[in-house]
Amino acid sequence: MRRVFPFILLAVLVTGCSGSEAAAPSVAPAVPLEQPSPTPTPTPTQSGPSKLGSTQETRRDDSLATATLLRVRQPLRAVVPGLPERAGYEYIGLEVKVCVVENSGEQITVSWAPWSIEFTDDTSATPLSAWGDQWWSVPLYPQDRAVRVGACARGWVPFEAPKGSRPKTVVYQPGSGNALEWRVK
């Protein structure tokens, strides 16, 4: 009986397929179906400001640079006695670093102008407009200095702000490049 069963099954299958019309197979084909291409996962974007000390990239036309907010010092003490300081204000310093990664266009020049501070009371400050290198015991960030590919510029950018104000965010907005932000705790 054992040997007869496979022959009976084969006979049933052959007679079922011998009609004038081909019957559709009742079993799924053994060839795997083509799967749709997975949709690319978007690269996560930064949601909000980066942490103090982190390096970010900024791209403008044909150049790429990195910027890092290294430290925030409040107050930034001046070394010259009697330095002009408005009543109720103090100096804040940002130690920053910008490196030119690639550039095939115009020369890249660094300055204080792209840097700003936003405070917890929704006010902001821009760098000092008048200063003397001899006023500070820290090395100042260059003002209007060209930086070649592979080189970096590092130093302190001084600001004046109301005493007791607390920085919330530091922003670097280089010309037409994307704005970079760091949160300050």
Side-chain angles (χ1 to χ4, degrees), residues 37-80 83-84 89-161 165-185:
S37 308
T39 51
T41 307
T43 305
T45 56
Q46 182 178 325
S47 59
S50 291
K51 295 187 317 187
L52 182 73
S54 63
T55 299
Q56 300 183 57
E57 290 184 345
T58 182
R59 181 169 286 284
R60 183 180 76 191
D61 301 328
D62 52 1
S63 64
L64 174 66
T66 60
T68 309
L69 173 63
L70 300 166
R71 289 189 283 174
V72 176
R73 187 180 291 171
Q74 183 180 7
L76 178 64
R77 303 266 184 232
V79 295
V80 174
L83 178 66
Y89 284 77
E90 66 185 348
Y91 296 113
I92 297 175
L94 303 179
E95 185 181 16
V96 299
K97 180 179 177 181
V98 172
C99 300
V100 177
V101 177
E102 61 185 55
N103 182 26
S104 60
E106 290 183 31
Q107 183 172 305
I108 294 180
T109 303
V110 296
S111 71
W112 296 1
W115 295 95
S116 65
I117 300 174
E118 296 175 354
F119 296 96
T120 55
D121 65 356
D122 296 326
T123 60
S124 62
T126 57
L128 294 177
S129 59
W131 73 95
D133 290 334
Q134 68 279 5
W135 292 1
W136 313 101
S137 63
V138 294
L140 297 179
Y141 186 74
Q143 193 58 316
D144 298 322
R145 187 181 96 200
V147 179
R148 69 182 188 292
V149 173
C152 299
R154 180 178 176 168
W156 290 84
V157 179
F159 293 78
E160 186 183 51
S165 61
R166 292 288 163 231
K168 173 177 63 173
T169 309
V170 171
V171 178
Y172 178 66
Q173 176 65 62
S176 63
N178 56 307
L180 307 178
E181 294 184 346
W182 292 264
R183 81 182 152 267
V184 179
K185 289 185 178 184

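All figures in this text were calculated on a predicted structure; none of them were measured in a lab.
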Report yes if the side chains of Pro167 and Ile92 come closer than 4.5 Å at any heavy-atom pair, otherwise no.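 The answer is yes, as the side chains (C-beta and beyond) meet within the 4.5 Å cut-off.
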Among all residues two or more places apart in sequence or in another chain, which pass the side-chain contact (heavy atoms from CB on, under 4.5 Å) test with [X]?
X	answer
Pro174	Thr58, Tyr172
Asp62	Asn103, Ser104
Ala125	Phe119, Phe159
Ser111	Ala113, Pro114, Gln143, Asp144

Tell me every residue that passes side chain to side chain donor-acceptor pair (under 3.5 Å) with Thr68, counting only those two or more places apart in sequence or in another chain.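 Here the qualifying residues are Thr55.
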Measuring from atom [atom1] of [X] to atom [atom2] of [Y], what distance do you get when rounded to the nearest 0.5 angstrom?
X	Y	atom1	atom2	answer
Gln134	Leu140	CD	CG	9.5 Å
Glu181	Lys168	CD	NZ	9.0 Å
Asn178	Gln173	CG	CD	7.5 Å
Leu128	Trp112	CG	CH2	6.0 Å

Candidate pair Leu94 and Val170, rule side-chain contact (heavy atoms from CB on, under 4.5 Å), full reasoning: CA-CA 9 Å; Leu94 303 179; Val170 171; 3.6 Å; yes
Taking Ser54's backbone N and O only, do any of them form a donor-acceptor pair with Trp182's side chain (distance below 3.5 Å, no angle check)?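 Judged by distance alone, yes, a pair lies under 3.5 Å.
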Any pair counted as side-chain hydrogen bond (donor to acceptor under 3.5 Å, both in side chains), so long as it reaches residues 69-80, sequence neighbours left out: Arg71-Glu95, Gln74-Glu90, Gln74-Arg166
Determine, step by step, whether Lys97 and Leu70 satisfy the side-chain contact (heavy atoms from CB on, under 4.5 Å) criterion, reporting the C-alpha distance in whole Å, the side-chain angles of both residues, the deciding distance to 0.1 Å, and the verdict. CA-CA 7 Å; Lys97 180 179 177 181; Leu70 300 166; 4.1 Å; yes
